[in-house]
Amino acid sequence: MDTIISFLSGGLLQASWWQVLIVTLVMTHITIVCVTVFLHRSQTHRGLDLHPAIAHFFRFWLWMTTGMVTKEWVAIHRKHHARCEREGDPHSPMLFGIWKVLFRGAELYRQESENQETMAKFGHGTPNDWLERNVYAKHSALGILIMLGIDLLLFGVVGLTVWAVQMAWIPFWAAGVVNGIGHYWGYRNFASPDTSTNVFPWGIIIGGEELHNNHHAHASSAKFSSQWYEFDIGWVYIRMMQAVGLAKVRKVAPKLKLESDARSVDLKTLHGVITHRYEIMARYADLLKQACSQELSRTKGGSAQSSRQTLKRVRNWFHLPDTNLQPEQLAQIDQAVASSQSLSTLMQMRKELGRLWESSSASSEQLLHDLQAWCQRAQQSGIEGLADFASRLRRYAA
C-alpha cells in the first residue's frame with residue numbers, strides 16, 4: 001500500500017515541486033520551438049529547410065503535446081496572412097474582438113480546420129507520408145493521450161497538472177496572445193498594411209513570436225528580430241541547427257542599407273525605397289506624431305480646446321493603415337489635419353509617397369521621376385522634419 005501511495009504522489013521520478021516545474025517549463029518550451037521553427041517558419045512560410053530527422057522529431061513532439069495536424073495549422077496561418085484583418089481572416093481581433101481571440105483562439109482554430117476549402121487552397125506542400133496519413137492526422141488525439149500516460153507515470157497524480165499545462169500552453173500563448181495581443185497592443189517597427197505589433201522586444205517565452213510586426217512585414221524571413229535590442233530565441237536555435245547541418249536558411253529580411261551621404265535619387269534609391277517601404281512609412285508615422293506634438297505645443301493655453309483633444313487622439317492613429325480605422329476616426333484625422341497647414345502638407349505628401357509602390361502599371365522611369373519630384377517638394381516645403389526625412393530617403397539603397 002505504501003508503494004502505491006508513493007507512486008500516486010510522486011510517480012517514478014519522485015520529483016520535488018520545483019523539479020516538476022522545471023521539467024514542465026522545458027517541455028512546453030520544446031513545444032513552442034516546434035511551433036515557431038517547424039510549423040511557422042519552415043512549413044508555412046518556407047523561410048528555412050529542416051533535415052528530415054529534426055523535422056520528424058518536431059512532428060512527433062507536436063503530435064504528443066498538442067494534437068495539431070501540420071496541414072491544418074499551416075493552411076489556417078497562410079489564410080490569416082492572405083486575408084489579414086479582412087473578411088475571411090480566421091482569427092483577427094479586429095473582426096472577432098480581442099477577448100474572444102485571447103481566450104477562445106483555439107476554438108476559432110478548430111472551426112477553421114473544418115473548412116475544406118481552406119485546407120485545399122492553403123494546405124499544399126505539407127507532409128503527406130504514411131505516418132502523417134495513418135497516424136498523426138488520422139489519430140491526432142492519440143498522441144496527447146499517450147502524453148497523459150507518460151506524465152502520470154513520471155509524476156503521479158501531479159502529472160495531470162503537468163499535462164493540463166502542456167495542453168493549454170499553445171492555445172493560450174500562440175492562438176491567444178500572438179494572434180490576439182499581437183494585433184492589438186505593442187510597438188511597430190514597420191507600417192505593414194495591418195495592425196500587427198511586437199508584443200515584447202525579447203522573444204523568449206513564445207520562441208520569438210513576440211516580434212509579430214517584424215514577421216508580418218517580412219513574412220518569409222526565418223529571422224524575426226530586426227532592431228539591435230530585439231532578441232529572437234527561435235533564430236538562435238535555427239543558427240545552432242544550421243551549424244550542425246540540421247537546417248538551411250532560405251530567406252531573411254533584407255537589411256537596411258543607407259549610403260553615407262544624401263546623393264542624387266536614382267534607380268538604386270528607388271529600389272531601396274520600395275524594398276524598405278514598411279520601415280519608411282513607420283518613420284513617416286513618427287514624423288506625423290511629432291508634428292502633432294508641435295502643434296499641441298503651439299496652441300498650448302489657447303481657446304481651441306476641442307481641437308487640442310482631437311490632436312491628442314489622432315496622433316496615436318498614424319501608425320495604423322487607413323483600412324483599419326473606423327469612419328469616425330478618419331473623420332477626426334481629417335478635422336485635425338484641416339486645422340494645421342503643416343499637417344495637411346504632411347498627409348498629402350504621405351499619400352503621394354505611398355503611390356510609388358501602390359502603382360502596378362507605372363514604369364520604373366516614371367516611378368523614379370515621381371520619387372525625384374517628391375524629394376524636391378519635400379525639401380522645399382519649409383517643414384524641417386519633412387526636409388530631413390527627404391534627405392534620409394535619398395540615402396536608401398537596395
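As the structure is a prediction and not an experimental result, all values here were calculated from the model.
- Heavy atoms of other residues, nucleotides or ligands lying less than 6.0 angstrom from CD of E328 number more than 12.
- For an aromatic pair to be called close, the ring centres must be under 6.0 Å apart, and F190 with H218 satisfies this.
- The ring-ring contact (aromatic ring centres under 6.0 Å, His included) with H40 is formed by just one residue from the set H80, H212, H45; it is H45.
- With no hydrogens or angles considered, a side-chain donor-acceptor pair links Q348 and E352 at under 3.5 Å.
- The shortest side-chain heavy-atom distance between S221 and K251 does not fall under the 4.5 Å cut-off.
- Side-chain contact of W63 with S140: a donor-acceptor pair under 3.5 Å is absent, judged by distance alone.
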Using side chain to side chain contact (heavy atoms under 4.5 Å, CB included), reason through Y109 and E72 one step at a time and then give a plain yes or no. CA-CA 9 Å; Y109 168 89; E72 293 176 356; 3.7 Å; yes
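- Within the cation-pi definition used here (under 6.0 Å to the ring centroid, within 45° of the axis), R41 qualifies as a partner of F224.
- V249 is listed as a side-chain neighbour of Q242, based on a closest heavy-atom distance under 4.5 Å.
- Using modelled atom types and a 3.5 Å distance limit, the side chains of T24 and Q166 yield no donor-acceptor pair.
- With hydrogens and angles left out, the side-chain atoms of Q43 and T126 include no donor and acceptor closer than 3.5 Å.
- Between H77 and W73, the angle of the ring planes stays under 30°, which puts this pair in the parallel group of the 30/60° scheme.
- Note on ring orientation: taking the six-membered ring where Trp is involved, the planes of F38 and F58 are tilted (angle from 30° to 60°).
- Donor-acceptor pairing under 3.5 Å is lacking for the side chains of S92 and E85.
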